[in-house]
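The structure under discussion appears below in the form of structure tokens.
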Amino acid sequence: MVTQEELAICLREVGVRQGDSLLVHSSMHALGPVTGGADGIIDTLIDVTGPSGLIAVPTHTWDVVNERQPVWHQTLTPSHVGVLTNRLRERKDAIRSIHPTHRVAAMGSRAHEFWEGHECDDSPCSPS
């Protein structure tokens, strides 16, 4: 079991600092057990990047929005790319883009800036 403190140390060792923007595309299975589970990981990411940081995760839905289920809802439709992405998008401070193919949920002081206009981007990631 990896503790949140150990995860924070590892993140800092690879260069993550206060104020950084992180696009996190991770697998809970590959990471292994962390104290607090997905919420513990998100809390650690928020702690390491601080109040001026940005945490974003892909919340793709192409596997759940399809011909049989064509309706998508910004807050209710789950992501199909993992537990971590769903836990972050469900947080009250998270916002989710409405990009037609590559939706992203983001948290942090610049989340609105990151998210704004994402539906018009011609790539999966906002240039901000």
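Across every non-hydrogen atom of Ser52 and Ser109, the tightest pair is CA-OG, 3.4 Å. Nearest heavy-atom pair across Pro51 and Gln18 is CD-OE1, 3.8 Å. Val34 and Met1 get closest at one heavy-atom pair: C-SD, 3.5 Å. Across all their heavy atoms, Ser79 and Pro58 have their closest contact at OG-O, 4.0 Å.
In this structure, the salt bridge (Lys or Arg N to Asp or Glu O under 4.0 Å) partners of Arg12, at least two apart in sequence or on a different chain, are Asp47. Residues forming a side-chain hydrogen bond (donor to acceptor under 3.5 Å, both in side chains) with Gln74 (at least two apart in sequence, or on another chain): none. Residues satisfying the side-chain contact (heavy atoms from CB on, under 4.5 Å) criterion with Glu67, sequence neighbours excluded, are absent altogether. Listed by chain and residue number, Glu13 satisfy the side-chain contact (heavy atoms from CB on, under 4.5 Å) test with Ile9 (two or more places apart in sequence, or in another chain). With sequence neighbours left out, His80 forms a side-chain contact (heavy atoms from CB on, under 4.5 Å) with His60, Trp62, Asp63, Val64. Every residue two or more places apart in sequence or in another chain was checked for a side-chain hydrogen bond (donor to acceptor under 3.5 Å, both in side chains) with Thr49, and none qualifies. A search for salt bridge (Lys or Arg N to Asp or Glu O under 4.0 Å) contacts involving Asp20 returns nothing, not counting sequence neighbours. For Glu5, the salt bridge (Lys or Arg N to Asp or Glu O under 4.0 Å) test picks out no residue, with sequence neighbours left out. Contacts of Thr61 classified as side-chain hydrogen bond (donor to acceptor under 3.5 Å, both in side chains), with partners at least two apart in sequence or in another chain: Arg103. Residues passing the side-chain contact (heavy atoms from CB on, under 4.5 Å) test with Val24, sequence neighbours excluded: Leu22, Ser26, Leu45, Ile55, Val57, Leu84.
Taking hydrophobic clusters as Ile, Leu, Val, Met, Phe, Trp and Tyr residues chained together by side-chain heavy-atom distances below 4.5 Å, Val81 does not share a cluster with Val65. Linking Ile, Leu, Val, Met, Phe, Trp and Tyr residues whenever their side-chain heavy atoms come within less than 4.5 Å leaves Met107 and Ile98 in two separate clusters. Cluster membership for Leu11 and Ile42, using ILVMFWY side-chain heavy atoms within less than 4.5 angstrom, is shared. Hydrophobic clustering, with ILVMFWY side chains joined whenever heavy atoms are under 4.5 angstrom apart, keeps Leu54 apart from Leu88. No continuous path of hydrophobic side-chain contacts links Val104 to Ile46 [ILVMFWY only; heavy atoms under 4.5 Å].
Listed by first then second residue, pairs satisfying salt bridge (Lys or Arg N to Asp or Glu O under 4.0 Å) with a partner in residues 21-34 number zero, not counting sequence neighbours. Identified under the salt bridge (Lys or Arg N to Asp or Glu O under 4.0 Å) test for residues 82-96, with sequence neighbours left out: Asp39-Arg87, Asp39-Arg91, Asp43-Arg91, Arg87-Glu90.
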Gln69 vs Thr77, side chain to side chain contact (heavy atoms under 4.5 Å, CB included): CA-CA, chis, key distance, verdict: CA-CA 11 Å; Gln69 172 48 40; Thr77 302; 5.9 Å; no

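Of the possible polar contacts, one joining the Glu6 side chain to the Thr3 backbone as a donor-acceptor pair under 3.5 Å is found.
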